[in-house]
Peer 1: 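This is the structure I want to talk about, given as C-alpha cells.
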Amino acid sequence: MEALKQKIIDEGKVLSNTVLKVDSFVNHQMDPILMKQIGEEFAERFKGMGITKVLTIESSGIGPALMTALEMGVPMIFARKRKSLTLTEGLITSTVRSFTKQETNEVTISRDFITEGDNVLIIDDFLAVGQAALGLIDIVKQAGANPVGVGIVIEKSFQDGHKTVKETGVKLESLAKIASLEGGKVQFVNEGDQQS
C-alpha cells in the first residue's frame, strides 16, 4: 500500500534495528484519512470470505480494525488487556507477549460477541514475532468461530511473525512489509521476494 509506505518514510522513526516508531499516524495520533484507506484496503483483500466480525487488541489495533469493520459493514470487537468491572462473566482469555513493550498480558473478550459460526478477521498494527495474532486466533477458536484472516498494517518481515502466522493456515495480508531497519533506514520487502 503505497500511501502507507510513504507515510512510514516521511514520519516513521527508526529507534533500533527492531523498533519502528509510527506514533504520529498509527498508534498514538492517528491519521484518519490513512486509517480510512487502510480499512478500504483490508476490506478489498479479504472480500468474499464471509467475514462477520473484526477482532483486534486494545489499543493500537482499534483504529485500523474499526475502519475495516466499517468498510465491511460488520461489528468490531477489541480484546481487553485490563480487567473491567463490567466484564466479569463468560470471558474468553489468551496470553499475549508484546515484543515492543516486552510485557505479557492476559487478553479477554466476552463470549457474547464472538460466537460459534462467526468468520473472524483479525487486524493489528504490527506483526513482529506473531504472539498477538496467535493469541487472537486462540480466542476465536475457543469461541468455536473461524479465524479466516489476519490483516497487519506493518509487518517486520525480518522477524518470525510472518512464518508463525502462516503456519496456522490462516490467510495473512500485510499492507507494508519491512525487510530491514538497519542503519536507521527503513527498507521495504520487494513484493516478489517473500511468499505471501
Peer 1: Could you give the distance from CD1 (Ile92) to NZ (Lys141), rounded to the nearest 0.5 Å?
Peer 2: 14.0 Å
Peer 1: Counting only heavy atoms not in Lys36 (residues, nucleotides, ligands), do more than 12 fall under 6.0 Å from its NZ?
Peer 2: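 Counting other residues, nucleotides and ligands, NZ of Lys36 stays at 12 neighbours or fewer.
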Peer 1: In chain order, what residues pass the side-chain contact (heavy atoms from CB on, under 4.5 Å) check against Val153, with sequence neighbours excluded?
Peer 2: Leu4, Ile38, Phe42, Pro64
Peer 1: Using the six-membered ring of Phe188, assess whether NZ or CZ of Lys177 lies under 6.0 Å from its centre and within 45 degrees of the ring axis.
Peer 2: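 Here Lys177 fails the 6.0 Å and 45° test against Phe188.
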Peer 1: With salt bridge (charged side-chain N to carboxylate O under 4.0 Å, His left out) as the test, would you mind laying out the steps for Glu173 and Arg45 before giving the verdict?
Peer 2: CA-CA 7 Å; Glu173 290 283 341; Arg45 291 190 186 199; 2.9 Å; yes
Peer 1: Would Lys53 pass as a cation-pi partner of Phe113, given that its NZ or CZ must be under 6.0 Å from the six-membered ring centre and within 45 degrees of the axis?
Peer 2: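 No, Lys53 and Phe113 do not form such a contact.
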Peer 1: Write out all pairs satisfying salt bridge (charged side-chain N to carboxylate O under 4.0 Å, His left out) with one or both partners inside residues 9-28, taking only residues at least two apart or from two chains.
Peer 2: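 Those involving residues 9-28 are Lys7-Glu11, Lys21-Asp23.
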Peer 1: Evaluate side chain to side chain contact (heavy atoms under 4.5 Å, CB included) for Leu127 paired with Val165, printing each intermediate quantity in order.
Peer 2: CA-CA 9 Å; Leu127 177 61; Val165 173; 4.0 Å; yes
Peer 1: Short question: side chain of Glu155, backbone of Ala176 - any donor-acceptor pair under 3.5 Å?
Peer 2: no
Peer 1: Quick one: pull up CG in Asn105 and OG in Ser94 and give me the separation to the nearest 0.5 Å.
Peer 2: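 If we round to the nearest 0.5 Å, Asn105:CG and Ser94:OG are 11.0 Å apart.
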Peer 1: Return the CG to CG distance between Asn146 and Leu121, rounded to the nearest 0.5 Å.
Peer 2: 12.5 Å
Peer 1: Report, as yes or no, whether the 6.0 Å neighbourhood of atom CD on Glu167 holds more than 12 heavy atoms from other residues, nucleotides or ligands.
Peer 2: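 Enclosed.
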